[in-house]
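Along the sequence shown, residues carry numbers from 1. Remember, it's a predicted structure, so these values are computed and weren't measured experimentally.
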Amino acid sequence: MTRILEATHSLFLPLPPGFHTLHTVLGVRCLPLHNLLHYIDNGVLLLTETAVTRLMKDLDNTEKSEKLKFSIIVRLPPLIGQKICRLWDHPMSSNIISRNHVKRLLQDYKKQPRSSVIDKSSYSVEFLPLNYFTGILTDIESSSRALNAFEGHDNVDAKFVEEAALKHTTVLLGL
């Protein structure tokens, strides 16, 4: 298939629909990880959204498969990477989603005076920096929802970010 790819490029011929997806899936099945990543990095194998979605669904959650999934997600363009992270139920994908959400919220954040009293009834965690940060995110989200700035991202909110941060912290601490 690589020779077909080279021949079509040299003759400036179009490839049939789904060629890159099939080529990538076969590469994942047949090549060792280091060779696969080398081919991806050099553009021989193209990571299409269809191919990566299929791989995320087909691969199990063994250590070897998770390593492959991480290696592929790192090499994806940002927009496709965000879509794929939503398909994969893993703490690392939750971290990536949370970081992207916080980054998007804080890009337009203008510091506004906040009351120094934190409403503890809305938070279940007694960790003041996280409570304060979650409060800021909640305020930004409520003001941005009023402006319809982040349509289509309803599943990610300050509570999701808080849970992802707590899960990540417990993993780092080995609890």
Sequence-distant partners of [X], side-chain contact (heavy atoms from CB on, under 4.5 Å), two or more places apart:
| X | result |
| --- | --- |
| Leu13 | Thr8, Leu11 |
| Asp60 | Thr62, Ser65 |
| Ser10 | none |

For residues 45-57, tabulate all N or O donor-acceptor pairs below 3.5 Å that involve a side-chain atom, not counting sequence neighbours.
residue	atom	partner	partner atom	Å
Thr48	OG1	Thr21	OG1	2.9
Thr48	OG1	Ala51	N	3.1
Thr53	OG1	Glu49	O	2.7

Per the ring-ring contact (aromatic ring centres under 6.0 Å, His included) rule, what does the pair list look like for residues 13-36, sequence neighbours excluded?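 Every pair satisfying ring-ring contact (aromatic ring centres under 6.0 Å, His included) with a residue in residues 13-36: Phe19-His23.
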How many angstroms lie between atom [atom1] of [X] and atom [atom2] of [Y], to the nearest 0.5 angstrom?
| X | Y | atom1 | atom2 | answer |
| --- | --- | --- | --- | --- |
| Lys69 | Cys85 | NZ | SG | 11.5 Å |
| Ile40 | Ser71 | CD1 | OG | 8.5 Å |
| Ile72 | Leu36 | CD1 | CG | 6.0 Å |
| Asn42 | Leu37 | CG | CG | 11.0 Å |
| Asn61 | Trp88 | CG | CH2 | 7.0 Å |
| Leu26 | Met1 | CG | CE | 5.5 Å |

If Ile, Leu, Val, Met, Phe, Trp and Tyr residues are connected whenever their side-chain heavy atoms lie under 4.5 Å apart, and connections chain through other members, are Leu33 and Val25 in the same group?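 Leu33 does not cluster with Val25.
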Does anything in residues 36-47 form a salt bridge (charged side-chain N to carboxylate O under 4.0 Å, His left out)? List the pairs, not counting sequence neighbours.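 Those involving residues 36-47 are Asp41-Arg75.
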Do Glu6 and Thr2 have side-chain heavy atoms sitting under 4.5 Å apart?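 Glu6 vs Thr2: side chains touch.
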I'd like to check His38 versus Leu31 (side-chain heavy atoms, cut-off strictly below 4.5 Å). Are they in contact?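 No, side chains not in contact.
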Checking Arg29 now: which residues fulfil salt bridge (charged side-chain N to carboxylate O under 4.0 Å, His left out) with it, not counting sequence neighbours?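 So Arg29 forms a salt bridge (charged side-chain N to carboxylate O under 4.0 Å, His left out) with Asp58.
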